[in-house]
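Residue numbers start from 1 in every chain, and the chains themselves are labelled A, B, ... in the order their sequence lines are given, proteins ahead of strands.
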Number of protein chains: 2
Amino acid sequence: MVSSDAIVLAFDTAGYRLTEPRRALARLIAAHDGHFTAEELLAASTRERLGVGRATVFRSLDILIDIGLVERLDLPTGEHAFVACEPSHHHHVVCSNCGRSTDAGDSGIAAVLDEVARRTGYRIESHRLELFGLCPSCQAARSRRT
Amino acid sequence: MVSSDAIVLAFDTAGYRLTEPRRALARLIAAHDGHFTAEELLAASTRERLGVGRATVFRSLDILIDIGLVERLDLPTGEHAFVACEPSHHHHVVCSNCGRSTDAGDSGIAAVLDEVARRTGYRIESHRLELFGLCPSCQAARSRRT
DNA sequence: ATTTTTGCAAACCTTTTGCATGGAA
DNA sequence: TTCCATGCAAAAGGTTTGCAAAAAT
């Protein structure tokens, strides 16, 4: 969970101005505990009459991705979505039912990268790992229903 | 490397009709050894005057993804691209310089999935791993130039 | 003869851009 | 007061859809 303040602070630290639209988006993003699309963010801002324009949503997301506070996801459907995250490691498990996401830590991925480099001769520069599945509470809900 | 014939055969096996546009696309896809976008495929078909329409390109790619002969990639830039692949394992290393792709095998990913499931409690249903880096020949080319 | 597939063009959806205005430093 | 950021609306991409014609079975 990333706090609204952390996002605002990150804008500041990175040398961006603290504007009302950015504060508003920080709040909206922090309020989400799962992934969200740009459109959803825009819709939320419209719903609460925050008056943040479409372009600003995209521009802010770009900045946040740059800063490392938001990560872009590509859902299995091909849709683009985003999740807020701590600016360091980089893997999430996303619940395919409720959309909530959880940090997956390293879990041995570094070793996989080394192994792939060894086998293929490629010099690995970047990677993306996206995991989808049922979170514990959706599993429970599902078995309750059966 | 996937052959044109293998693709045509796969259409047949899966119960789709063997049409001229599909044969043509099979040839074009097999001719690519790196990743390609839908637009590039369309451009290639136009260039060779194969008269395959845009819609058919997208429709055929959808089918091939379904069958498992083509995989959708999301490049670090956010662009959608595709690669032909054997219909089983599922990881590629893509050269960030020339676009060529190579099979990365399993390399311990199954173990990572187990570890993530154990740590997070999620029941992992699917995952996507995309690796980007310099292929051996681009590495060589680069060091030659310095 | 029947059913699938196709090409075309238009519709759609998402993201980006240009530019004058407004706000932060 | 200077420069960055915003909103708007239009443009640009990329993908999908409706439909009548053409091709495969």
Is the backbone of A:Thr56 close enough, under 3.5 Å, to the side chain of A:Ser60 for a donor and an acceptor to pair up by distance?
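It does hold such a pair.
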Protein-nucleotide distance ([X], atom [atom1]; [N], atom [atom2]), rounded to Å:
{"X": "A:Leu75", "N": "C:dT14", "atom1": "CG", "atom2": "P", "result": "13 Å"}
{"X": "A:Phe58", "N": "D:dA5", "atom1": "CZ", "atom2": "P", "result": "19 Å"}
{"X": "A:Arg54", "N": "C:dT16", "atom1": "CZ", "atom2": "C1'", "result": "11 Å"}
{"X": "A:Ile65", "N": "C:dT15", "atom1": "CD1", "atom2": "C1'", "result": "12 Å"}
{"X": "B:Leu41", "N": "D:dT15", "atom1": "CG", "atom2": "P", "result": "12 Å"}
{"X": "B:Leu42", "N": "D:dT16", "atom1": "CG", "atom2": "P", "result": "14 Å"}
{"X": "B:Glu79", "N": "C:dT14", "atom1": "CD", "atom2": "P", "result": "19 Å"}
{"X": "B:Asp74", "N": "D:dT15", "atom1": "CG", "atom2": "P", "result": "10 Å"}

How does protein contact run along nucleotides 17-25 of chain D, one letter per nucleotide 5' to 3', with B for base contact, S for sugar-phosphate only, - for none, heavy atoms under 4.0 Å?
BB----BBS
Is the shortest side-chain N to carboxylate O distance from B:Glu20 to B:Arg27 below 4.0 Å?
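Judged by the 4.0 Å cut-off on N to carboxylate O distance, B:Glu20 and B:Arg27 do form a salt bridge.
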Of all the choices, D:dT6, C:dT6, C:dT15, which nucleotide is nearest to the side chain of B:Thr56 once you look at every atom?
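Of the candidates, C:dT6 comes closest.
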Using a 4.5 Å cut-off on heavy atoms from C-beta on, say whether the side chain of B:Phe132 contacts that of B:Val93.
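Heavy-atom side-chain distance check fails, nothing below 4.5 Å.
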What I'd like to find out is whether the side chain of B:His35 reaches to under 4.5 Å of the side chain of B:Val94, using heavy atoms alone.
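Heavy-atom side-chain distance check passes, below 4.5 Å.
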OP1 or OP2 of D:dT15 less than 4.0 angstrom from a side-chain nitrogen or oxygen of B:His80, does that happen here?
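So the side chain of B:His80 is within the cut-off, an N or O lying under 4.0 Å from OP1 or OP2 of D:dT15.
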Side chains of B:Asp74 and B:His80 only: does a donor on one sit below 3.5 Å from an acceptor on the other?
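Per modelled atom types, B:Asp74 and B:His80 side chains form a pair under 3.5 Å.
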Does one side chain, of B:His127 or B:His91, offer a donor that lies under 3.5 Å from an acceptor on the other?
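Note: B:His127 and B:His91 side chains meet the donor-acceptor criterion.
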Looking at every strand, decide which applies to A:Gly51 at a 4.0 Å heavy-atom threshold: base, sugar-phosphate, or nothing.
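Counting heavy atoms under 4.0 Å across all strands, the contact made by A:Gly51 is with sugar-phosphate only.
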Is it the case that B:Arg22 places NZ or CZ above or below the six-membered ring of B:Phe11, under 6.0 angstrom from the centre and within 45 degrees of the axis?
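Yes, a cation-pi geometry.
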